[in-house]
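Take a look at the structure below.
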Amino acid sequence: MLIDRPEQLAAPPGPKGTRLPGADVLGELARRLAADTAGDVRFDLASRGRYATDASIYQIVPAGVFVPKSDADVAAAIAIARSLAVPVLPRGAGTSQCGQTTGAALVIDATKHLRRVLAVDAERRTATVEPGLVLDELNAALNKTGLWFPVDVSTSAQATIGGMAGNNSCGSRSIAYGNMVHNVLGIRARMADGGEVDFGPVADASGRAATLAGFVRELAGRHRAEIEAHWPKMLRRVGGYNLDVFHPQSVKPYTDDGSVNLAHLLVGSEGTLAWSRELTLKLSPLPAAKVLGVVNFRTFRAAMAAAQHIVTLVPTAVELVDRTMIELALANPEFEATMRGALIGEPAAILLVEFAGDEKAPLVARLARLGELMADHGEPGSVVEIVDDGAQKRLWDVRKAGLNIMMSLKGDGKPVSFIEDCAVPLEHLADYTDALTDVFTRHGTRGTWYAHASVGTLHVRPILDMRRDGAGKMRAIAEEASALVRTYKGAYSGEHGDGLCRGEWIAWQFGPALTAAFRAIKDELDPEGLFNPGKIIDPPRMDDGALFRFPPSEAPAPYRTIALVPALDWSAWDVQNDPRTEQVSAPGSGGDSTGGFAKAVEMCNNNGHCRKFDAGTMCPSFRVTRDEEHLTRGRANTLRLALSGQLGDADRADAAVREALDLCVSCKGCKRECPTGVDMARMKIEVLAQHAKRHGRSLKDRVVGNLPELAHTLARIAPLVNALAALPGAALLRERLLGFAADRALPRWRSDTFWRAHDPHLFATAEATLAAARSGGKAAVLFVDTFNGVFERENAIAAARVLNAAGYAVHTLAKASGHHCCGRTLLTTGDVDGARARADALLDALLPFADAGVAIVGLEPSCLLTLRDEALALRLGAKAETVAKRALLFEEFVAREAVAGRFAVAFADAGAPILVHAHCHQKAFAAAQPILDVLALVPGAKPKLVETSCCGMAGTFGYEARHRAVSTAMAEASLLPAIRAEPGAIVVADGTSCRQQIAFGAGREALHAARVLERLLPKEAAR
Ligand SMILES: Cc1cc2nc3c(=O)[nH]c(=O)nc-3n(C[C@H](O)[C@H](O)[C@H](O)COP(=O)(O)OP(=O)(O)OC[C@H]3O[C@@H](n4cnc5c(N)ncnc54)[C@H](O)[C@@H]3O)c2cc1C
Ligand code: SF4
Ligand code: SF4
């Protein structure tokens, strides 16, 4: 149990759901939870702060956080909370956009332990699951049955079934499959009084379920006229409670046979009625074939007007991408070709129209029909047909990434989600979007449109500065948008739920009688108001600044950051933007008291994508612990709270931040995969530097940081050092002094370092290399880092031999004493000044070559890529930029030269399969593919990339005793099993620590790609 003084972060007395109980109550709550349950009890300030936000603009500090291990824990927690009159807030991934999961309550987080698939009945096409199960994990488990759960929300990699049901979530293909309400068959729920009720088909209901069904039937009957008069007749209506179960108003019936299912009352209830313990879902057959038609429109209005006609062709999705998003995609080298392939000329908007079925051929005919339909409506020749599955996936990925780029706008103005899922009938879509665009213009902003044209739900987020005048503009825009929704007979809340930002619009949408009926439902199911107060019933004002994550200056506790002089250059984030043009001001002009560090941290918008498990690297530590604290989001939130003084004094804040960052392996997975580019590895350097400024550096940090210098001294006396290290008790002493685990052997020192046992024949002089480059010849500088130079000189020699064999003049740097170093070891131990000095000297040595256009080729990913990454944040000026442009990993260089026809070597057959593990920094810089490309130069080789996150070694992390278990768990997650599964394969790993982890964990030697190529050189070249 972790418990702190139960003080408030930024939760002043306010409306229901925002008032915290007294300290004595919270203390008692924590004590009893710890005593009576097996779950994690977290009432410390930092943990509560991490659960105070979701993907909305709001922040309310919870009473405490409880992570149950079992349903019995949930039952006990609800009983304890009820006995102390503390509200309860159920939580999944916390990706709600409207503040549903923020509240001054006991948050119960189902994601860590309550995530099993309990039963799958393939014949009846049903699955029963626990609430914390993530949608993608469910669908992965279902894959072999040929079935899936088709409510394909964009957050499928992190959204939980409990949360999706809570919000009545909807996916891109809702036109074909409906929303959650159409796909939930039953919910076993725990009520406020501790009782359990099976919500399901009313016809089968008995006991309390039957009583509740009778109550709702009677209530609905009494309000039938109001329901028919006020209920939006839309598929996409998620506001209020589903009182229309007995008199359905949705254009798609809630059940296949028209029967009534009481579970649908809980769907969309946002955790306000009961805890969903088990959910039974309706599964659908996985479509065997899909095709995509991209309709290009000359005007945005034409696209909007066409949607109503396109849906008559019964597509499974019609998704909008507007001009802004098209341009963003075209500006991104990764997506440019895919987007260009989908365009005809310069359209103002495109609609992605998907058809699905059992076979491709009839679907292709439907694409032709789409073309004809568009011609009938004045858009002949406007459809690009995409039949290939890979090409379709690539285009869907572009659509998702476009949104991500939009969300990464720097400055205090952000695209704010509050009217982004109003749904209007398709015949009014064009008029509605025109009118709303005018509203934005009047309020000095604009919106980018995207998403679900098929069902009239277009996402649009005007850019507002919630720290300044955003609240007023938000209210005004919401009021004008709601008037439009009424004019066009739409639904104000059409996808993301009510929460705090749309709760007060429930009465506006449904009228007083139905609002009173909703209250009656709440009173019947949750008479004491235990569950998630302030949502759906008694919501606060949407623009109550006290509830904002960034409370404006007029709020009781405005958002302010502390003063801090950052060690790294964060000025690129210290900017403001113009909401009309999205142009950002000059670096350093944003008025950030931390020089941009805080604004970089605040880029995390809590969308929770770092919770994904499916692919990629982010976030390896969370993948092991499943604790919010060890998530990029948890870390960013901890930092934000600390930098804004919400975690108490400097020492407490420092301790909380260091704890949250302790398991961050600086893999940079987040830098690439976080939609807004949160680079926690760089932030960790800043945190360590700030800590070092106040408290100095530990012995271990000084040893590791100075390894490059130490290495030269120790290499001279390598036999002695190795002998001393082997003495009995030496390993234990090492663990005590430096924290390196006694049972993990450190690399052995060698006297024959690259620099001491230099082979001059392999290397050209600086003059010869520059001359070769200037005359258009083949030239490169090999930057040999500490690790390859001291412990594995064979890699550097191999790289030189391979490049020599292809005819390159290869130069390598020399230094009067020691060797040149990028500064990485000092950066990772918080000595930014020391790192700057080292990097500065290296840049000076490399600059003449970079100026002459010579490639700087490196072997160790984290060292070479420092030149393209942190070296640019060390305030080293233009030379850092010049060198960064020339810095390439060995494989990047060879792949580039091979494509240009300059690298040609007749390698021998490898004679074994090749398995590649890419270093995290290679993945973060899109430098993994070149390894495969280069190894594919070997005749017959089909190098296979192992889908891995971090290997868990991460510099010294895996050597440290306190990280040993987590490090091993990271390696065992996928890397080591994949290697063990292929005993005869050549294992390639470019990272020194990755090779060490593979040796430890799998007992296999992994090789740098340069070594593999060297072994396969033709005989005469190898000599
Ligand atoms: C970038 C982005 C894209 C999104 N795209 C979509 C989209 O395409 N479609 C869509 O519909 N939504 C979308 N959303 C909104 C959100 O992701 C979904 O609503 C998602 O289903 C919520 O899942 P969650 O696990 O995060 O739930 P949470 O946010 O944790 O909870 C949602 C609600 O369910 C309640 N709840 C959770 N667990 C339980 C339980 N065990 N018992 C009772 N109540 C419970 C909570 O109290 C809360 O009210 C998006 C959000 C973001 C940030
Ligand atoms: S760190 Fe990135 S991926 Fe994670 S929640 Fe924040 S913005 Fe999303
Ligand atoms: S650097 Fe890696 S471990 Fe650290 S937060 Fe980012 S993804 Fe997680």
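Indexing begins at 1, ligand by ligand and atom by atom, following the structure's order. Computation of the quantities below employed the complete heavy-atom set of this structure, encompassing side-chain atoms and omitting hydrogens, waters and symmetry-equivalent molecules.
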Minimum non-hydrogen distance to atom 32 (C) of ligand 1, winning option of A55, P90, P131, S96: S96
Where ligand 1 meets T101 - atom numbers and elements under 4.0 angstrom, heavy-atom basis: 28 (P), 29 (O), 30 (O), 31 (O), 46 (C), 48 (C)
Minimum non-hydrogen distance to atom 17 (O) of ligand 1, winning option of N168, T95, N605, I187: T95
Closest to atom 41 (N) of ligand 1 among S276, G162, G494, A159 (heavy-atom distance): S276
Ligand 2 contact on T676 by region, counting heavy-atom pairs under 4.0 Å: side chain
Heteroatom N/O/S of C664 within less than 2.8 Å of atom 6 (Fe) of ligand 3: no
Non-hydrogen atom of G171 closer than 4.0 Å to ligand 1: no
For atom 4 (Fe) of ligand 2, closest protein heavy-atom neighbour: C610 SG, 2.2 Å
N607 neighbourhood, listing ligand 1 atoms whose heavy-atom distance to it stays under 4.0 Å: 53 (C)
Within-shell test, A110 vs ligand 1, heavy atom, strictly < 4.0 Å: no
Subset of ligand 2 atoms that lie under 4.0 Å from at least one heavy atom of P675: 3 (S)
Numbered atoms of ligand 1 (with element) below 4.0 Å of M164, judged on heavy atoms: 21 (O), 23 (O)
For atom 5 (S) of ligand 3, the protein heavy atom that lies nearest, with its residue and separation: R635 NH1, 3.1 Å
Residue part near ligand 1, for V153, under 4.0 Å between non-hydrogen atoms: both
Donor-acceptor side-chain pairing of T95 and R611 below 3.5 angstrom: no
Under 4.0 Å to a heavy atom of N605 - the qualifying atoms of ligand 2, by number: 7 (S)
Shortest protein heavy-atom distance from atom 6 (Fe) of ligand 2, along with the residue and atom involved: C604 SG, 2.3 Å
